[in-house]
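Note that the structure is a prediction, hence the values are computed from the model and not measured.
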Amino acid sequence: MGTVILEKKSAVTVKVVTMGKGITNFVREEPLTLGTLLHEIGVNGQMDVRVNGATVDKAYQLANGDQVLVVPKIRGGRL
Amino acid sequence: MRRFVELLRQLDLVSPDALETPIHIIGCGGIGSFTALAVAKLGCSRLHLHDDDRVEEHNVPNQLFRLADVGRPKVEALSEILEAFTGARPSPHVHRVDMERFQGIVISGVDSMSTRKNLWWKAIRHRAGIPLYLDGRLGAEVCRLYAIRPADPDDVRCYEQTLYDDGQAAPLPCTAAAIIYTGFALASLIADHVKKFATGEPIAREIFYDLKTLTLVAP
């Protein structure tokens, strides 16, 4: 009797801090790119994004425990 | 003598002699008015306030001004308020900053990216007389603070990447554009940077601070 090897996909948990809104933990199957995550959470060009404090490409593959920071582009100072 | 006594509480933090560098605050609204109070209380006595606006009624809930200041030039009202708080009267300049040649620390608290860009290109960029440029931005409960040495090419390159257009900024309802406690929070960060500069401590080039999620990040 042969051995059957099942491909087991592992999950990644990513903490997303959306400044001004809230903090969410996303659990998704690997591979998960930054671009896929941003599309899913609806981040547009009015936001700056950092992963673990650094600016990275949208093709960056997120790893378990990564922290994604979403910061709105703000301009203000007074009314 | 009266001022010296008033400053005693700050002596363990920073010597008044280290705070002799002139400080120019550009924009005296939701960021600049509270920043002026914080650095004046810290012991910075050579303060210059720059703004061409007058106090309006809708400024009273979220800026340092009093109801009695409505109609007055902001810099004149603010100078009077700070003198009452500290005993030292900052120099008010009722004008819109354009091609000035500043000497000292410059703090930007302006209310749009177009004004910020104009200030940067005409009066800050590559100016050796400005050892530190602090650009504070706030919207709703989020603050950004940039600490830049305008004569440092690496700082200049990084900072200019943050000069997005007003149209790229996240839209906010008018009532969320300047919230009083966010202004206080940003003023605290700016005053802390002034203290760090005076004492030679390292300064983060970029800080994000969000009161909603209580997140402070210096990437």
Plane angle bin for B:His48 and B:His24 - parallel if under 30°, tilted between 30 and 60°, otherwise perpendicular: parallel
Quick one: does A:Phe26's side chain get under 4.5 Å of A:Glu40's, heavy atoms only? yes
Kindly indicate, with the supporting measurements, whether the criterion side chain to side chain contact (heavy atoms under 4.5 Å, CB included) is fulfilled by B:Ile23 and B:Arg46. CA-CA 6 Å; B:Ile23 297 179; B:Arg46 300 176 66 189; over 6 Å; no
Regarding B:Tyr164 and A:Gln46, is there a side-chain donor-to-acceptor distance under 3.5 Å anywhere? no
What residues of residues 145-160 of chain B sit under 4.5 Å from chain A when only non-hydrogen atoms are counted? none
Neighbours of chain A found in residues 187-204 of chain B - heavy atoms under 4.5 Å: none
Do B:His50 and B:Val75 have side chains that approach each other closer than 4.5 Å (heavy atoms only, starting at C-beta)? no
Look only at the side chain of A:Thr36 and the backbone of A:Leu32, and say whether a donor-acceptor pair between them is shorter than 3.5 Å. no
Could you walk me through whether B:Asp210 and A:Lys21 pass the salt bridge (Lys or Arg N to Asp or Glu O under 4.0 Å) check? CA-CA 9 Å; B:Asp210 175 32; A:Lys21 290 193 175 173; over 6 Å; no
May I ask you to decide if B:Ser114's main-chain N or O and A:Arg75's side chain share a donor-acceptor pair within less than 3.5 Å? no
Mind ranking B:Thr215, B:Val142, B:Leu186, B:Thr115 by heavy-atom pairs under 4.5 Å with chain A and telling me who comes out on top? B:Val142
Check this for me: does any side-chain nitrogen of one of B:Lys74 and B:Asp69 sit under 4.0 Å from a carboxylate oxygen of the other? no
Under a 3.5 Å distance rule, please check whether B:Arg54 uses its side chain to pair with a backbone N or O of B:Gly71 as donor and acceptor. yes
Side chain of A:Thr13, backbone of A:Val27: donor and acceptor closer than 3.5 Å? no
Just how far is it from atom CD1 of B:Ile107 to atom CG of B:Leu47, taken to the nearest 0.5 Å? 8.0 Å
Charged N to carboxylate O under 4.0 angstrom, B:Glu80 versus B:Arg66? yes
Give, as side chain, backbone, both or neither, the part of A:Val71 having an atom under 4.5 angstrom from any heavy atom of chain B. both
With only heavy atoms counted, which part of B:Phe208 is less than 4.5 Å from chain A, the side chain, the backbone, both or neither? both
By salt bridge (charged side-chain N to carboxylate O under 4.0 Å, His left out), which residues pair with B:Asp135, not counting sequence neighbours? B:Arg116, B:Arg137
Residues of residues 50-70 of chain A with a heavy atom under 4.5 Å from any heavy atom of chain B, in residue-number order, are A:Arg50, A:Gly53, A:Leu69
